[in-house]
Amino acid sequence: MSEPTGAEASRDGFESNGPGDDDATPPPPPSVETVFGDRSGLAQQYVDFLSTAGLERGLMGPRERPRLWDRHVLNSAAAASHLADGESVVDIGSGAGLPGIPLALARPDLQMTLVEPLLRRVTFLEEIIGSLGIDVRVIRGRAEEKVVIAEAGESDVVTSRAVAPLAKLAGWSAPLLRVGGRMVALKGSSAVEEIERDRAALTRLGFTDVRVEVVSAPDAEETRLVIATLGTKMGGRDARSRGSAKRRR
């Protein structure tokens, strides 16, 4: 996975140093108990961590603080409606833990792995996970690296949020999925346009049944999920070979 730059590096507000700081951590909306149940207190701890350490270490922009619940945490947790019981989930480019940690909090039955290449983000994730006491694994590396594929491959689902354009996400997701597994990418309002633009690339990678599902949690922004099923592994291997050849040139 290449280093994200520009808008991709911001992670929908993360790593932004813009103005507009708001010193108040947002209070939990009423829906938090509905979404997180007996883990509502852990969800609040996570938001507190993002609002303090996340801001201090430059992993989130100050203008995102008032929107942590609706735009980030509850928005991410809404994707749980498309995950089956006990599935293995790999969240690539996890950054500050979105959507992986909200999904793990909302759905403790999931086997969650976070993949993140940057050491300072990995350290941040490990501190959060240790503080929350949740069973989530963190792997430092890029999604296409052999060591990551060896550790996290053959998963049921690969998730991502605000990481890269759809074709790149599909190329990074395919090697980590079992045949029949699903890419679940949290996208913005351009999700349908991205599918139309990148449909040929997804087909070459072996993905089928590509669609958009709109989901939402109470008190949160709508989430558009681009969901695609991996029908064959051949496309993912061929795409990696072509990508490696291009980089060598």
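In this text, all values refer to a predicted model and were calculated from it rather than measured experimentally.
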> Which is it for Arg178 and Asp156 under the side-chain contact (heavy atoms from CB on, under 4.5 Å) test, yes or no, and what are the steps along the way?
Replying inline: CA-CA 6 Å; Arg178 64 172 175 80; Asp156 297 312; 2.6 Å; yes

> Stepwise, does the salt bridge (Lys or Arg N to Asp or Glu O under 4.0 Å) test hold for Arg57 with Glu127?
Replying inline: CA-CA 13 Å; Arg57 300 184 198 182; Glu127 288 181 18; 2.6 Å; yes

>> With side-chain contact (heavy atoms from CB on, under 4.5 Å) as the criterion, how do Ser31 and Leu74 come out once you've worked through the C-alpha distance, each side chain's angles and the decisive distance to 0.1 Å?
In response: CA-CA 9 Å; Ser31 62; Leu74 289 169; 3.6 Å; yes

>> Go through it in stages, so that I can follow the logic: the residues are Ile129 and Leu114, the test is side-chain contact (heavy atoms from CB on, under 4.5 Å), and I'd like the CA-CA distance, side-chain angles, deciding distance and then a yes or no.
In response: CA-CA 11 Å; Ile129 290 165; Leu114 311 181; 4.0 Å; yes

>> Please determine whether salt bridge (Lys or Arg N to Asp or Glu O under 4.0 Å) holds for the pair Lys233 and Glu154, giving the CA-CA distance in whole Å, both sets of side-chain angles, and the decisive distance to 0.1 Å.
In response: CA-CA 10 Å; Lys233 282 280 193 178; Glu154 295 297 308; 3.6 Å; yes

>> If you apply the rule side-chain contact (heavy atoms from CB on, under 4.5 Å), what do you find for Asp219 with Trp69, and how did you get there?
In response: CA-CA 8 Å; Asp219 302 315; Trp69 282 113; over 6 Å; no

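For the atom pair OH (Tyr46) and CD1 (Ile101), the distance works out to 4.5 Å, reported to the nearest 0.5 Å. Here the CG-CG distance, from Asp209 to Leu230, works out to 12.0 Å after rounding to the nearest 0.5 Å. The CG atom of Leu176 sits 6.0 Å away from atom CD1 of Ile149, with the distance rounded to the nearest 0.5 Å.
Taking 4.5 Å as the limit, some side-chain heavy atom of Arg140 sits within range of a side-chain heavy atom of Leu119. Inter-residue side-chain proximity for Leu42 and Phe36 is flagged as unmet; no heavy-atom pair is nearer than 4.5 Å. Looking only at side-chain heavy atoms (C-beta outward), Leu186 and Leu225 come within less than 4.5 Å of each other. Asp91 is listed as a side-chain neighbour of Pro99, based on a closest heavy-atom distance under 4.5 Å. The shortest side-chain heavy-atom distance between Pro62 and Leu55 falls under the 4.5 Å cut-off. Proximity of Met183 to Leu166: side-chain heavy atoms (C-beta onward) are separated by under 4.5 Å at one or more points. When side chains are defined from C-beta on, Arg107 counts as touching Leu83, because their heavy atoms get closer than 4.5 Å. Looking at Leu50 and His72, their side chains never come closer than 4.5 Å, going by heavy atoms from C-beta outward.
More than 12 heavy atoms of other residues, nucleotides or ligands lie within 6.0 Å of CD in Glu221, so this atom counts as buried by the packing criterion. Taking a 6.0 Å sphere around CG of Asp135, one finds it holds 12 or fewer heavy atoms contributed by other residues, nucleotides or ligands.
Although no hydrogens or angles enter the test, the distance criterion places a donor-acceptor pair under 3.5 Å between the side chain of Glu87 and the main chain of Ala84.
Under the 4.5 Å side-chain heavy-atom criterion for grouping Ile, Leu, Val, Met, Phe, Trp and Tyr, Val184 is not connected to Val179 through any hydrophobic cluster.
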